[in-house]
Amino acid sequence: MTDAEYASIWMRPERPARGPKPVYSRAQITEAAVRIADAEGLEAATMRRIAAEIGAGAMSLYRYVPSRDDLVELMADRVMGEIDVTGMPSGDWRADLTRYADGLRAMWMRHPWIATVQRSLPSFGPNQLLLVERLMGVLDAFVSIDENLGLMAILNGYIEGTVREEIGSAREFRRSGLSESEWMARSGPYVDRLVKSGEYPIFTKIVMEARQPHLSRDDQFRQGLQRVLDCIALALPSTAEPPMPAHREGREEQDGTGQARS
């Protein structure tokens, strides 16, 4: 197919202007593909398997979804729609970005196959476009569009990098047949040897002093996220911070006797 012949799946009408009424829908095909990928991985979501899932002929599905790449675009956009951005921007940029980060992480953990999908080139499906509008809208009033893009890249880079590692670790634990605590216990003798050797002072400091590796995955994610948000705050004007709660705003300074001082 030449560039002149290419048409994005989002440009193709779901129902042809002529011919018989479609028996299936893209949404039905996409839902079946997502169910299969969730259970068995992205590679299992073939047209043949999807056809069997919904009771159709494999070749007939190409009338609705012309190619494998189109199917993956539909699947990726479908799961992006699970991220709730209702009411954004709310006026509290930290709360909005925290909510988005938690939603994106939760979506990736529900659909770990998304980690294998190349998302470098955006497809601009309807759910992705809604995310762009709502998420970029959170900082739009405070920074230029280029600065906004850069800050969102930092945020998304943290979220996706962290969740990829989390998904990868879970996969390795399943492969090994060990829980995380069992794996750490098995590694203990070797770690003790490294510490006692005295050759790795920074590694020893991590083992002996660091709290972060012992936090839950949720707490590790939230701790790192707050650091990222602190960095974003440095790029924003002071007016971007949400107003103080009413019980703190305008609080009078008191002297040692508890009397208000003007």
Side-chain angles (χ1 to χ4, degrees), residues 7-12 14 26-27 30-31 34 70 72-115 117-167 218-249:
S8 165
I9 187 64
W10 310 113
M11 296 173 65
R12 297 173 181 267
E14 182 162 1
R26 283 179 188 164
T30 303
E31 288 292 339
V34 168
D70 289 330
V72 172
E73 282 200 21
L74 290 168
M75 293 171 68
D77 193 70
R78 155 63 182 79
V79 297
M80 293 295 277
E82 296 178 6
I83 304 169
D84 183 13
V85 290
T86 307
M88 292 187 190
S90 69
D92 184 337
W93 68 266
R94 276 185 178 266
D96 286 348
L97 297 189
T98 297
R99 179 177 153 204
Y100 162 74
D102 288 341
L104 180 59
R105 176 179 177 239
M107 183 275 284
W108 274 55
M109 297 305 293
R110 285 192 299 270
H111 309 290
W113 53 267
I114 199 71
V117 175
Q118 287 290 341
R119 304 297 299 157
S120 299
L121 299 177
S123 63
F124 302 124
N127 288 320
Q128 183 175 355
L129 286 170
L130 176 63
L131 275 176
V132 169
E133 293 296 318
R134 297 294 179 86
L135 184 61
M136 298 286 289
V138 170
L139 299 183
D140 183 61
F142 309 119
V143 295
S144 71
I145 193 65
D146 286 318
E147 184 79 348
N148 201 344
L149 285 168
L151 294 175
M152 289 303 105
I154 292 170
L155 176 64
N156 282 315
Y158 168 73
I159 299 167
E160 295 189 10
T162 302
V163 182
R164 281 183 187 278
E165 190 278 330
E166 194 169 354
I167 290 171
D218 289 346
D219 288 341
Q220 287 182 32
F221 179 79
R222 185 56 60 87
Q223 187 180 77
L225 177 62
Q226 292 310 310
R227 298 295 178 269
V228 172
L229 296 181
D230 288 344
C231 291
I232 290 175
L234 296 175
L236 305 182
S238 59
T239 53
E241 291 297 336
M244 300 292 283
H247 70 279
R248 294 179 62 190
E249 192 175 50

* To do: With side chain to side chain contact (heavy atoms under 4.5 Å, CB included) as the test, would you mind laying out the steps for Ile114 and Met75 before giving the verdict?
  => CA-CA 9 Å; Ile114 199 71; Met75 293 171 68; over 6 Å; no
* Asked: Between Arg26 and Arg12, is a side chain to side chain contact (heavy atoms under 4.5 Å, CB included) present by the stated rule, with each step listed?
  -> CA-CA 11 Å; Arg26 283 179 188 164; Arg12 297 173 181 267; 3.4 Å; yes
* To do: Any chance you could lay out the side chain to side chain contact (heavy atoms under 4.5 Å, CB included) test for Val79 and Trp113, step after step, and finish with the verdict?
  => CA-CA 11 Å; Val79 297; Trp113 53 267; 3.8 Å; yes
* Salt bridge Asp218-Arg105, side-chain N to carboxylate O under 4.0 Å -> yes
* Would Leu97 and Leu135 satisfy side chain to side chain contact (heavy atoms under 4.5 Å, CB included), going step by step from the backbone distance to the final call? -> CA-CA 8 Å; Leu97 297 189; Leu135 184 61; 3.6 Å; yes
* Can you measure from CH2 (Trp108) to CD (Glu166) and round to the nearest 0.5 angstrom? => 11.5 Å
* Asked: Does the side chain of Thr98 come within less than 4.5 Å of Gln226's, by heavy atoms?
  -> yes
* Measure the shortest side-chain to side-chain distance between Thr162 and Glu165 over non-hydrogen atoms and say whether it is less than 4.5 angstrom. => no
* So do the side chains of Leu229 and Leu225 get within less than 4.5 Å of each other, counting heavy atoms only? -> yes
* Test side chain to side chain contact (heavy atoms under 4.5 Å, CB included) applied to Leu104 and Leu131, Leu155, Val163, Ile83, the passing residue -> Ile83
* Structure fact -> Distance col, row Leu139:CG vs Ile145:CD1, nearest 0.5 angstrom, shows 10.0 Å
* Structure fact -> Heavy-atom closest pair (Pro89 atom, Gly137 atom, distance to 0.1 Å) is CG-O, 3.6 Å
* Asked: CZ of Phe124 to CD of Glu73: how many Å apart, nearest 0.5 Å?
  -> 10.5 Å
* To do: Enter the distance from Met152:CE to Met136:CE here, rounded to the nearest 0.5 Å.
  => 7.0 Å
* Structure fact -> What one should report as the nearest heavy-atom pair of Thr86 and Arg99 is O-NH2, 2.7 Å
* How far does CE of Met107 sit from CZ of Arg78, to the nearest 0.5 angstrom? -> 10.0 Å
* State, with a plain yes or no, whether a side-chain heavy atom of Asp70 is found less than 4.5 Å away from one of Trp10. => no
* Under 3.5 Å donor-acceptor, Asn148 side chain and Val143 backbone -> no
* Asked: When rounded to the nearest 0.5 angstrom, what is the spacing between CG in Leu151 and CZ in Phe142?
  -> 12.0 Å
* Asked: For the side chain of Asp96 and the backbone of Met88, is there at least one donor-acceptor N/O pair under 3.5 Å apart?
  -> no
* Asked: Quick one: do Arg134 and Asp140 make a salt bridge, cutoff under 4.0 Å?
  -> no
